[in-house]
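As a basis for the values below, the full set of heavy atoms in this structure was taken, side chains included, without hydrogen atoms, waters or symmetry mates. Lettering of chains follows the sequences in order, A, B, ..., and the numbering in each one begins at 1. Quick caveat, the model's predicted, so the values are computed rather than measured.
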Number of protein chains: 2
Amino acid sequence: MSMHVTVGPAALTPFLAAEPVQASTGPQILRPFARIKRWPRDQDIVYQGNSADDWYCVISGACRQYMVRPDGRRRIVDILLPGDFFGFTVETAHRFAVQAIAADTIVASYSRSQIEAAADADPLVARAIRERTISTIARLQEHLLVVGTMTAAEKVRAFLSNMFDRLPNRRGSGITLPVSRYDIADQLGISAETVSRAITELRVLGTIHLGSPRNLQTIEPRYLD
Amino acid sequence: MSMHVTVGPAALTPFLAAEPVQASTGPQILRPFARIKRWPRDQDIVYQGNSADDWYCVISGACRQYMVRPDGRRRIVDILLPGDFFGFTVETAHRFAVQAIAADTIVASYSRSQIEAAADADPLVARAIRERTISTIARLQEHLLVVGTMTAAEKVRAFLSNMFDRLPNRRGSGITLPVSRYDIADQLGISAETVSRAITELRVLGTIHLGSPRNLQTIEPRYLD
DNA sequence: CGTGTATTTGAACCGCCTCAATCCCTGTGG
DNA sequence: CCACAGGGATTGAGGCGGTTCAAATACACG
């Protein structure tokens, strides 16, 4: 079964020297398979328990991947920004729901069976998918590190810093947070009030500068890590 | 470069109906590439900052994937059990260290470039890797959910439940926890004392039964989720 | 320009962390 | 097989940080 094929170095593309994600289209090589759809704010893109037949890529806007616990608490496991993939599951059903955070969020969806067939036929497709799954792992691990942090202020600072790096910062006027304090709270596992207090604290300390509650102008490089 | 091979439906294996991991060898199809190595307890398998040239699979024993923060705190981002892969990175260097928890932990390593070349040549190899990356995502998301839980007792209960499902339970005599209270604490983001108190609480409540501190005989099915 | 929602602030309570001491398993050597 | 040593686990007391409930303020959208 295993084929000991000798493959020259020329066949190796540098790992994860992937083309930057075209924010408007998703990965180039998967474009032929993409079904583009636009979603209103707070609309459900994937329901918990949905059959996991598709993979997705955020094109613009933002999404939250989450689960609502029986006690009513919402746990956000991933904030998805343009270029981020989601929908990779081990089970045949989605364990988490995904919904648009921003108005007019654009998401590409791909038939899993179709993409997998394409991956079988074209190693470059397989590599593109592999890169995305590995990026997802990196994102989750980073988040895990943040959530594990002790103090609330440090959690919030790390979260904001992460957003600052991932979101476009045009003309140096800072970023626009796509998420509410409640979203931040549910992702960090703390209360919204504590998020607010932490942000106030960071502002007073001069660690961050806000233009408005959703506009983060500057943030000091991490002093912990 | 890309090989547009036409592959009929017969060539498609059902997604993630993968063969169960041979605990003694790792995935069958990757076996020809595996370099097997045995590690003593607390020995470093991967150092933080190491060049990420290899992927790994735990064959037997257990590992912790972690980072030590500047303040000296250790954050464990993943507990790796037989069948679990690690070493998937976006960067060219490992962001986390990995070390053996159990004595005589056996780990298979694979040259990343070699495996990627094999994946390019054989879609089944590519699928095997994809399955492992997706399993890693599932494990991290599960963990994220647990860490985000509010009370310490529930975190510990979820952790133990998770271990109970993942570890072999021979003759119904329960599982042997490969990790110390400190490991559990560092993974859940709480103190070791709190872990101990939570375990005592769960035992008093009858939620769990311990044969010894490391032997978990029974655990009630999750009442939350 | 007004209304509804998001955000901020306040006060009291509770749970977890910290520091410390004790107990008890486990593995080693006699 | 037993005694002992050493690390792991448990328990205790006190303080702090975060949650909760509640209210005021600020922002964004129509």
Side-chain (A:Arg74) to main-chain (A:Arg69) donor-acceptor, under 3.5 angstrom = no

If you check every side-chain atom of B:Ser196, which of D:dG18, C:dA20, D:dA9 has the closest atom?
-> D:dA9

Nearest nucleotide by nearest heavy atom, which residue falls closer to the 5' end of DNA chain D, A:Arg214 or A:Val195?
-> A:Val195

Report the distance from atom CD of B:Glu201 to atom C1' of D:dT10, rounded to the nearest whole Å.
-> 14 Å

Among the candidates D:dT19, C:dA6, C:dC16, find the nucleotide nearest to the side-chain atoms of A:Ile190.
-> D:dT19

Mutual orientation of the aromatic rings belonging to A:Tyr56 and A:His94 [parallel < 30°, tilted 30-60°, perpendicular > 60°] | tilted

Among C:dT9, D:dT11, D:dG8, which is the nearest nucleotide to the side chain of B:Arg203?
-> D:dT11

Please give, in whole Å, the distance from C:dG4 P to A:Arg41 CZ?
-> 16 Å

Report yes if at least one side-chain N or O of B:Arg181 is closer than 4.0 Å to OP1 or OP2 of D:dT10; otherwise report no.
-> yes

What residue among B:Gln114, B:Glu116, B:Arg132 forms side-chain contact (heavy atoms from CB on, under 4.5 Å) with B:Trp55?
-> B:Glu116

Salt bridge or not for B:Arg95 and A:Glu142, using N-O below 4.0 Å?
-> yes

DNA chain D: A:Gly211 or A:Thr151, which has the more 5' nearest nucleotide?
-> A:Thr151

Pair B:Asp54 + B:Arg35, salt bridge at N-O below 4.0 Å | yes

Taking atom types as they are modelled, is there a donor-acceptor pair under 3.5 Å from the base of C:dG10 to the side chain of A:Arg197?
-> yes

Hey, does the side-chain of B:Glu193 have a donor or acceptor N/O within less than 3.5 Å of a partner on the base of C:dC16?
-> no

Between C:dA6 (C1') and A:Leu177 (CG): distance, integer Å | 13 Å

Any side-chain N or O of A:Ser191 under 4.0 Å from OP1/OP2 of D:dG18?
-> no

From the candidates C:dT18, C:dC16, D:dT10, the one with an atom nearest any side-chain atom of B:Arg73 is C:dT18

Separation of atom CD1 in A:Ile208 from atom C1' in C:dT8, rounded to whole Å | 13 Å

Closest to the A:Thr200 side chain: C:dC16, D:dT10, C:dT8?
-> C:dT8

B:Leu202 CG to D:dT10 P: how many Å, rounded?
-> 11 Å

Can you check the B:Leu210 CG to D:dA9 P distance for me, whole Å?
-> 11 Å

Rounded off to whole Å, could you give me the CD1-to-C1' distance for the B:Ile199 and D:dT10 pair?
-> 10 Å

Does A:Ser212 have a side-chain nitrogen or oxygen under 4.0 Å from the phosphate oxygens OP1 or OP2 of D:dA26?
-> no

Provide, to the nearest angstrom, the distance between the CG atom belonging to B:Leu160 and the P atom belonging to D:dA9.
-> 12 Å

